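Quantities reported herein were computed from a predicted structural model and do not represent experimental measurements. Atoms within a ligand are numbered from 1 in the order they appear, just like the ligands themselves.
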Amino acid sequence: MSDNTQSTQKSKISNDDFESPDFYQIDDLLTEEHKLIRESIRDFVKKEISPSIEDWAERNHFPSEMVNKFGEIGAFGPTVPVEYGGGGLDYISYGLIMQEIERGDSGMRSVASVQGSLVMYPINTFGSEEQKKKYLPKLASGEFLGCFGLTEPDHGSNPSGMTTNFKDMGDHYLLNGAKMWISNAPEADIAVVWAKDESGRIHGMIVERGMEGFTTPTIHGKWSLRASCTGELVFDNVKVPKENLLPGKSGLGAPLMCLDSARYGIAWGALGAAMDCYESARKYSAQRLQFGKPIGSFQLIQKKLAEMLTEITKAQLLTWKLGKMMDEGKAKTVHISMAKRNNVAIALDIAREARQIHGGMGITGEFPMMRHMMNLESVVTYEGTHDIHLLILGHEITGIPAFE
Ligand SMILES: Cc1cc2nc3c(=O)[nH]c(=O)nc-3n(C[C@H](O)[C@H](O)[C@H](O)COP(=O)(O)OP(=O)(O)OC[C@H]3O[C@@H](n4cnc5c(N)ncnc54)[C@H](O)[C@@H]3O)c2cc1C
């Protein structure tokens, strides 16, 4: 490829004129505030993420400067009360923020989801007043980056089997064990860690970088979420102050509540990735000529586009209604499972179909589909795999758990 072609490609990546599809006039269901929030995050993504994301992903680079920028635009903890530095917004607003950020990149959305739903949410919901005051404002502003340690090398889909544990030593806890596949870990200032006490009950505790015996090795070689950093959390006789235990709730239900909040954001985020791929395919099919006509004039291309838009529209309605149920306190884990599972699956299908519409050009970084597709392979696995969410729904329908 000539240098000329390279520079043409780079300028095209920077030229982000994304508008979201709204075939069923779902905007009518949004308030003016929702639309303003969406527009401001969309503008931010166009300015701060789109021009650089292909380069970051290609270089497997985590842009740490984005942490402060996300703090400035209110992407961290949108539903956390204003008094602790959060946005005090509703769940539709939170969803729209995740949609727009993941439209830019799933790795970038992961940074925001983990910080908001998996670090700020548990501190806000289960933390003491002192913990909230100490950590939440710094997490909201991006001064601190947090991570969430639940998964272990031998316990992924079955977190209840975790072996990370702590002992009561009188004036502190002694933490031992390891967590695996932890988003943000290599750069995090604090970790919300789930570990068993001596009776086997699960508790959350806040572990700070710098505590002796606590390390966060990076996981290398990912072909997915390449602009987000992922690592391990290793605890070798870490002395954790007693005031760092989250006092509000113990048992597996506590981390599962955090996952509900994060999975809700993922349902919206995946929709954003799907929209980006669809829009790219729609525009490309109007411009690309073959056999003397735009490829969009061929029935098979139209079929792909029509099916993509149908799935996006169904997913938009699902997520909007789920957001209302979240705000009303009516959403259950099963509702969130259905939306997360459906939206990630349709986003992956749409990324693949959109990639095909772009022909050979679709495999390059000039267009976003390959990056979205590779990212979505993580999104379909983390926070409960596609199949585990199916089993959660199967359990709800039949009353019979098929996990074991
Ligand atoms: C990029 C990335 C970031 C992540 N970030 C975090 C994070 O920040 N914090 C965190 O705690 N975790 C994180 N995870 C971990 C993620 O949540 C786990 O990978 C996920 O829960 C699956 O666990 P596992 O990888 O051990 O797979 P396994 O549990 O070993 O599953 C392997 C396969 O077996 C299937 N399977 C398992 N049990 C059953 C069953 N009962 N019936 C049928 N099929 C079954 C699964 O569906 C899957 O297909 C991250 C993962 C990735 C890839």
Side-chain angles (χ1 to χ4, degrees), residues 57 60 62 102 105-122 139 145-164 177-188 190-195 202 204-205 207 216-235 252 254-263 265-266 269-270 273 333 336-337 340-341 344-345 348 371-395 398 400-404:
N60 199 5
F62 173 66
E102 190 150 359
D105 186 71
S106 306
M108 291 290 96
R109 197 270 307 140
S110 299
V111 175
S113 278
V114 168
Q115 183 94 333
S117 285
L118 298 179
V119 181
M120 296 175 71
Y121 174 89
L139 289 161
L145 181 66
C147 67
F148 173 90
L150 180 66
T151 305
E152 298 188 350
D154 294 330
H155 300 94
S157 298
N158 176 24
S160 65
M162 71 172 66
T163 57
T164 298
K179 299 288 176 181
M180 181 78 175
W181 295 117
I182 307 306
S183 302
N184 297 351
E187 301 271 336
I190 65 165
V192 170
V193 176
W194 301 93
I202 293 170
M205 56 174 60
V207 180
T216 60
T218 301
I219 295 175
H220 294 286
K222 288 183 304 167
W223 283 106
S224 179
L225 298 187
R226 288 172 61 80
S228 131
C229 58
T230 314
E232 297 171 53
L233 303 176
V234 181
F235 313 106
L252 188 62
L256 294 185
M257 279 171 69
C258 306
L259 292 176
D260 274 351
S261 169
R263 289 163 179 168
I266 292 172
T333 298
I336 299 166
S337 281
K340 190 264 184 187
R341 180 174 186 274
V344 179
L348 258 172
R371 180 172 44 79
H372 281 310
M373 206 190 302
M374 292 195 297
N375 283 342
L376 288 163
E377 288 295 338
S378 284
V379 182
V380 79
T381 288
Y382 70 22
E383 309 261 354
T385 69
H386 186 71
D387 285 347
I388 291 294
H389 286 296
L390 176 125
L391 296 177
I392 290 171
L393 289 166
H395 184 189
T398 64
I400 307 166
F403 304 102
E404 296 146 355

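The backbone N or O of Ala270 sits nowhere less than 3.5 Å from a side-chain atom of Lys340 that would complete a donor-acceptor pair.
Between the side chains of Ser183 and Tyr382, no donor-acceptor pair of N or O atoms lies under 3.5 Å. Side chains of Arg341 and Ser337: a donor-acceptor N/O pair is absent below 3.5 angstrom, by distance only.
Any N or O atom pair closer than 3.5 Å counts here, and Glu404 shares no such pair with ligand 1. Between Thr151 and ligand 1, at least one N/O pair is under 3.5 Å apart. Distances between N or O atoms of Phe403 and those of ligand 1 include at least one value under 3.5 Å. For ligand 1, one of its N or O atoms has an N or O atom of Thr385 under 3.5 Å away. Among the atoms of Thr230, none of the N or O lies under 3.5 angstrom from an N or O of ligand 1. Between Ala402 and ligand 1, a contact under 3.5 Å exists for no N or O pair. For a threshold of 3.5 Å applied to N or O pairs, the pair formed by Leu391 and ligand 1 contains no separation below that value. Between Ser183 and ligand 1, an N or O atom pair is found at a separation short of 3.5 Å.
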### Query
Please walk me through it: do Lys179 and Met162 pass side chain to side chain contact (heavy atoms under 4.5 Å, CB included)?
CA-CA 9 Å; Lys179 299 288 176 181; Met162 71 172 66; 3.9 Å; yes
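Distance check on atom 29 (O) of ligand 1: some protein heavy atom falls below the 4.0 Å cut-off.
Of the listed residues (Glu152, Glu383, His386), the one carrying the non-hydrogen atom nearest atom 17 (O) of ligand 1 is Glu383.
Only the side chain of Ser378 comes within 4.0 Å of ligand 1, counting heavy atoms alone; its backbone N, CA, C and O stay farther away.
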